[in-house]
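Written below as structure tokens is the structure these notes are about.
Owing to the predicted nature of the structure, the values given are computational and were not obtained by experimental measurement. Starting from 1, each residue takes its place in the sequence as its number.
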Amino acid sequence: LVNAKLQQLFPKLFGGGHAYLEMTGEDLLDTGVGLMARPPGKRNASIHLLSGGEKARLALALMLLSPCNLLVLDEPTNHLDIPAKQMLEDALIQYEGAALLVSHDRTFIARVANRIVELRDGELVLYRGDYAYYLEKKEEEAALLRQAEEEEAREAKRAANRAKQKAKAESRRKRPT
């Protein structure tokens, strides 16, 4: 069943070619399984002979074939071409489990994220919305921080003026008339 699904999915990810699972054991007691892949224009190759992008696509194929409820993906769009990236985005949008993504690809995040968790000063800050919501809230937070800093500066200036006025008044009282 997995072999049949892999054979259907592989050409979509690679734009052709094929892949199959191969029993590597000598007998029934040795249950080793190898994965053979043949991207377009290449000979059959085991996984270690594939390029980084080909390995990423293959990992995507295996992810789509494996039922799970949590995905942890670190920079998943690295080494992917545009069609593979779009397929990953579509797969994640349709994915019913939870996915923890670490990515610098803002376009990718905007397409697939529905919650953002930011690591700030050693703590996690949760934003319950998509990337646009996160950016909006960050701007609001920055504006509030600027306002608080400006108010603090105004208050410090007022306190300095009060101290200056008090010192002036003290010096007038101490002057002999």
Side-chain angles (χ1 to χ4, degrees), residues 2 5-6 9-10 12-15 19 33 35 37 39 46-171:
V2 171
K5 287 183 180 178
L6 179 62
L9 188 58
F10 190 88
K12 291 178 186 175
L13 285 171
F14 284 85
V33 176
L35 178 64
S46 63
I47 295 173
H48 73 279
L49 298 175
L50 298 176
S51 71
E54 291 167 340
K55 287 178 184 176
R57 287 188 202 156
L58 191 54
L60 172 59
L62 295 174
M63 175 196 79
L64 295 173
L65 294 173
S66 304
C68 60
N69 57 10
L70 173 65
L71 295 175
V72 179
L73 303 172
D74 183 14
E75 298 293 351
T77 59
N78 284 1
H79 308 294
L80 292 182
D81 59 12
I82 292 171
K85 182 178 168 185
Q86 288 170 340
M87 182 173 269
L88 174 61
E89 290 172 354
D90 293 342
L92 288 172
I93 289 167
Q94 294 173 11
Y95 181 65
E96 293 184 14
L100 174 62
L101 307 171
V102 176
S103 181
H104 290 88
D105 186 338
R106 294 176 181 184
T107 304
F108 173 72
I109 294 170
R111 285 235 353 170
V112 302
N114 58 21
R115 287 189 194 113
I116 305 290
V117 179
E118 177 184 3
L119 180 59
R120 184 188 316 154
D121 298 326
E123 294 187 16
L124 298 176
V125 180
L126 175 64
Y127 295 87
R128 295 183 186 274
D130 62 10
Y131 189 63
Y133 174 83
Y134 164 76
L135 293 176
E136 180 182 310
K137 290 299 178 188
K138 289 291 290 179
E139 185 54 42
E140 288 175 14
E141 290 172 7
L144 288 172
L145 182 59
R146 281 191 302 274
Q147 288 174 352
E149 289 170 347
E150 289 168 1
E151 181 57 35
E152 192 176 300
R154 284 191 295 271
E155 183 55 40
K157 190 174 183 178
R158 284 192 293 266
N161 284 339
R162 283 193 302 272
K164 191 176 181 180
Q165 292 297 327
K166 185 177 179 182
K168 250 187 194 177
E170 286 290 323
S171 72

With rounding to the nearest 0.5 angstrom, report the CD to CG distance, E152 to L145. 9.5 Å
What is the minimum heavy-atom distance between Y131 and I109, and which atoms define it? CD1-CG2, 3.6 Å
Please round to the nearest 0.5 Å and tell me the distance separating atom CG of N161 and atom NZ of K166. 14.5 Å
Neighbour count >12 (heavy atoms, 6.0 Å) for atom CD, E170: yes
Rounded distance [0.5 Å steps], OG in S103 versus CG in L73: 9.5 Å
Of all residues at least two apart in sequence or in a different chain, which pass the side chain to side chain contact (heavy atoms under 4.5 Å, CB included) check with L124? V117, L119
Inspect the surroundings of CG in L126 and state if more than 12 heavy atoms from other residues, nucleotides or ligands are less than 6.0 Å away. yes
Tell me if the CZ atom of R106 is crowded by more than 12 foreign heavy atoms within 6.0 Å. no
Using a strict 4.0 Å threshold on nitrogen-to-oxygen distance, state whether D130 and R111 make a salt bridge. no
Could you state the interatomic distance from CD (E140) to CG (L135), rounded to the nearest 0.5 Å? 11.5 Å
Could you give the distance from CG (N78) to NE2 (H104), rounded to the nearest 0.5 Å? 9.5 Å
Can you tell whether the side chains of E151 and R146 come within less than 4.0 Å, N to carboxylate O? no
Check step by step if side-chain contact (heavy atoms from CB on, under 4.5 Å) holds for L80 and L88. CA-CA 9 Å; L80 292 182; L88 174 61; 3.8 Å; yes
Please walk me through it: do V112 and L101 pass side-chain contact (heavy atoms from CB on, under 4.5 Å)? CA-CA 9 Å; V112 302; L101 307 171; 3.5 Å; yes
Does R162 CZ have over 12 foreign heavy atoms under 6.0 Å away? yes
Among residues two or more places apart or on two chains, list those pairs meeting ring pair (Phe, Tyr, Trp, His ring centres under 6.0 Å) that have a residue in residues 105-130. Y127-Y134
Nearest 0.5 Å please: distance from the CD1 atom of I93 over to the CG atom of N114. 10.0 Å
Atom CG of residue position D74 - does it have more than 12 heavy atoms of other residues, nucleotides or ligands inside 6.0 Å? yes
Answer yes or no: is there an ion pair linking E149 with R154, defined by an N-O contact shorter than 4.0 Å? no
Show your working on salt bridge (Lys or Arg N to Asp or Glu O under 4.0 Å) between E141 and R120 and close with a plain yes or no. CA-CA 13 Å; E141 290 172 7; R120 184 188 316 154; 3.1 Å; yes
side-chain contact (heavy atoms from CB on, under 4.5 Å), that's the test. Do T77 and T107 meet it? Break it down for me. CA-CA 11 Å; T77 59; T107 304; over 6 Å; no
Working note: V125 + I116, criterion side-chain contact (heavy atoms from CB on, under 4.5 Å); need CA distance, chi angles, decisive distance, verdict. CA-CA 8 Å; V125 180; I116 305 290; over 6 Å; no
Quick check: does any side chain N or O of Y95 sit under 3.5 Å from a backbone N or O of L70, one acting as donor and the other as acceptor? yes
